[in-house]
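Letters go in sequence order (proteins before strands), and every chain restarts at 1. Computed from a predicted structure; not experimentally measured.
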Amino acid sequence: MIEFTTYDIVRNLLLSTRWTILLSLIAFAGGISVALLLTAARLTRNPVLSRLIRAYVQLFQGTPLLMQMFLCFFGLSMIGIEISAWNAAALALTLFTSAFLVEIWRGCIDTLPKGQWEASRCLGLSFVQTLWHIILPQAIKVALAPSIGFSVQVIKGTALASVIGFVELTKAGTMLNNATFEPFKVFAFVALIYFALCYPLSWYSKTLEKKFYVARKH
Amino acid sequence: MLNFHDLLPYTGQFVMGLLTTVELTLLSTVIGLMFGAALAASRQYGPGWLVAFVAIYVELIRNTPFIVQLFFVFFGLPAFGIKLSAWEAGLLALILNLAAYSTEIIRSGLAATPIGQWEAGKVLGLSFSQTFFRVVLTPAIEKIYPALTSQCIIVMLGSAVLSQISVQDLTYAANLVQSRNFRSFESYLVTAALYLLLAIAMRKVFDLIGQRLFSYRSST
């Protein structure tokens with residue numbers, strides 16, 4: 001049996017934190033890409049597309065992320081695609097993230113007055129011009145704070161990848177717990193590392209929100 | 001290809017799991033929201049040390065994954081001599097989680113309540129607790145009711161993780177069934193559908209309660 005000092009525990013946890021960060025970045029980047037496509041599809045105001053996107057959002061917001069991971073993991077292998085825990089987790093988190101982001105962004109775009117679209121049309125701007133010059137610059141400002149706030153949910157969501165066997169921070173924690181029998185210490189460190197990752201983002205999102213709120217009042 | 005027929009013999013397992021999930025959700029929602037309201041009041045009106053304590057608790061819970069909180073409660077607390085069964089640990093983790101999130105939500109409702117409400121209560125000769133519950137808390141909750149509903153549903157969905165410490169909930173049933181008949185995808189598909197139905201049902205129930213309590217009308 002190997003003896004683990006506190007230093008060993010922290011070092012191993014920090015090493016596995018790399019995978020938590022990497023998975024979060026992939027999920028967030030993938031989620032943003034898919035959500036951009038879905039948002040663009042929504043803006044076409046096609047009733048069939050809108051309904052499909054609403055169903056997509058409800059599906060991912062109304063089922064546990066854990067189930068989504070299981071379904072990605074077992075679903076793809078059922079149709080003959082061998083998928084690693086890493087890929088399944090990245091896929092599930094990407095879909096999950098996109099569903100929430102598209103809903104957040106919908107709210108942001110809908111807060112812009114309808115008159116903006118009408119005024120742009122009067123000025124003879126095309127749909128793409130209106131979107132690019134009028135709507136997006138305003139929508140991005142509104143969407144920034146809640147999107148950064150949501151990135152915290154993505155980081156926390158990566159913890160569930162441990163359940164399908166991907167060794168990230170939480171999984172490393174359970175493994176160290178099994179080896180050291182010091183659950184209190186191990187999980188306290190795990191929680192602190194997540195906190196160190198998430199809190200700055202939460203704080204930044206809150207600051208942006210306040211700044212924006214003040215800017216709007218004047 | 002898909003074969004749901006193999007799941008039929010396990011209907012009982014799914015029903016039992018569903019009942020456990022509903023039971024834990026119900027208990028954690030009621031207790032968690034009560035704690036949330038108390039903590040929100042402490043954070044809004046309490047002395048400085050209490051405000052700081054509640055703030056730290058809320059930020060710690062909101063910035064760590066639920067599964068880590070669950071492991072901490074289940075594996076970590078016995079080190080302090082607090083021995084909990086999986087079911088008790090799961091319930092405690094759910095309550096701690098919902099209490100923190102609902103504190104933040106309810107507090108934002110309280111913060112939006114005009115100070116005049118307090119003064120009006122005092123003028124009418126109501127005591128502090130009467131003013132708080134009848135004049136301040138009810139309108140505050142009415143304002144943030146949709147957010148509160150969503151948070152309770154998120155906690156219900158999060159409870160799927162309890163299966164990891166062997167709480168015999170819906171996800172535990174799904175794991176058990178797929179280990180018996182190797183129909184993993186079908187088993188999880190049915191379970192996901194059950195969670196979705198549960199989420200929709202919860203929203204309906206919250207809407208009905210909202211209509212009784214306030215003149216709340218659902219937007220959906």
Side-chain angles (χ1 to χ4, degrees), chain A residues 20 54-55 58-79 149 152-163 168-171 173-174 177-178 181-203 206, chain B residues 1-3 21 56 58-80 104 150 153-154 156-164 169-171 174-175 178 182-203 220:
Chain A
T20 291
R54 221 167 340 162
Q58 182 157 38
L59 191 67
F60 284 95
Q61 295 196 348
T63 55
L65 178 57
L66 188 60
M67 271 316 119
Q68 295 161 21
M69 290 214 180
F70 282 148
L71 286 174
C72 284
F73 195 45
F74 293 107
L76 286 178
S77 49
M78 201 182 78
I79 54 171
V152 173
Q153 308 296 328
V154 180
I155 296 177
K156 292 192 293 177
T158 62
L160 293 184
S162 63
V163 175
E168 38 63 78
L169 181 51
T170 304
K171 183 75 182 172
T174 53
N177 175 37
N178 291 336
F181 302 111
E182 288 193 278
F184 194 80
K185 196 194 267 177
V186 171
F187 287 114
F189 280 129
V190 171
L192 279 179
I193 295 175
Y194 275 111
F195 186 79
L197 291 177
C198 294
Y199 186 69
L201 289 167
S202 298
W203 179 84
K206 225 181 262 177
Chain B
M1 275 307 11
L2 288 175
N3 176 354
T21 294
I56 291 171
V58 167
E59 291 303 335
L60 270 178
I61 296 283
R62 276 160 51 102
N63 289 294
T64 51
F66 177 63
I67 190 170
V68 175
Q69 294 159 17
L70 179 69
F71 286 164
F72 192 80
V73 168
F74 186 60
F75 297 116
L77 285 188
F80 274 133
E104 220 18 49
S150 299
I153 293 173
I154 289 171
M156 182 277 285
L157 295 174
S159 77
V161 175
L162 301 190
S163 60
Q164 292 306 306
D169 72 336
L170 186 51
T171 307
N175 285 331
Q178 68 100 17
F182 305 109
R183 289 276 162 211
S184 322
F185 188 66
E186 289 88 339
S187 176
Y188 291 126
L189 203 59
V190 166
T191 309
L194 288 172
Y195 274 111
L196 188 59
L197 287 177
L198 206 52
I200 294 169
M202 263 179 92
R203 203 168 277 283
T220 44

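Rounding to the nearest 0.5 Å gives a distance of 11.0 Å between CG of B/Leu196 and CZ of A/Phe60. B/Arg62 CZ to A/Phe195 CZ: the interatomic distance, rounded to the nearest 0.5 Å, is 10.5 Å.
The two residues A/Leu66 and B/Ser163 come nearest to each other via the heavy atoms CD2-OG, 4.3 Å. The shortest heavy-atom contact between B/Ala160 and A/Pro64 is CB-CB, 3.7 Å.
Counting heavy-atom pairs closer than 4.5 Å to chain A, the top-ranked of the candidates B/Ser184, B/Ala199, B/Ser150, B/Ala174 is B/Ser184. When each of B/Tyr195, B/Phe66, B/Phe80 is scored by its heavy-atom pairs under 4.5 Å with chain A, the top score falls to B/Tyr195. For the set B/Pro78, B/Pro65, B/Ala193, the count of heavy-atom pairs under 4.5 angstrom toward chain A peaks at B/Pro65. Ranked by heavy-atom pairs under 4.5 Å with chain B, the first of A/Thr170, A/Leu201, A/Val163, A/Val190 is A/Val163.
Around CD of A/Gln153, the count of heavy atoms belonging to other residues, nucleotides or ligands within 6.0 Å exceeds 12.
Scored by the ring pair (Phe, Tyr, Trp, His ring centres under 6.0 Å) test, B/Phe182 finds no partners at all (sequence neighbours excluded). Residues forming a ring pair (Phe, Tyr, Trp, His ring centres under 6.0 Å) with B/Phe185 (at least two apart in sequence, or on another chain): none.
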_side chain to side chain contact (heavy atoms under 4.5 Å, CB included) assessment of A/Met67 paired with B/Leu157_ = CA-CA 9 Å; A/Met67 271 316 119; B/Leu157 295 174; over 6 Å; no

*Would you check, one step at a time, whether the test side chain to side chain contact (heavy atoms under 4.5 Å, CB included) holds for B/Ile67 with A/Ser162?*
CA-CA 10 Å; B/Ile67 190 170; A/Ser162 63; 4.1 Å; yes

*Show your working on side chain to side chain contact (heavy atoms under 4.5 Å, CB included) between B/Asn63 and A/Leu197 and close with a plain yes or no.*
CA-CA 8 Å; B/Asn63 289 294; A/Leu197 291 177; over 6 Å; no

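The aromatic ring centroids of A/Phe70 and B/Tyr188 lie less than 6.0 Å from each other.
With a 4.5 Å cut-off on non-hydrogen atoms, B/Ala79 touches chain A through its side chain but not through its backbone.
Aromatic ring orientation, B/Phe72 versus A/Phe184: tilted (interplanar angle from 30° to 60°).
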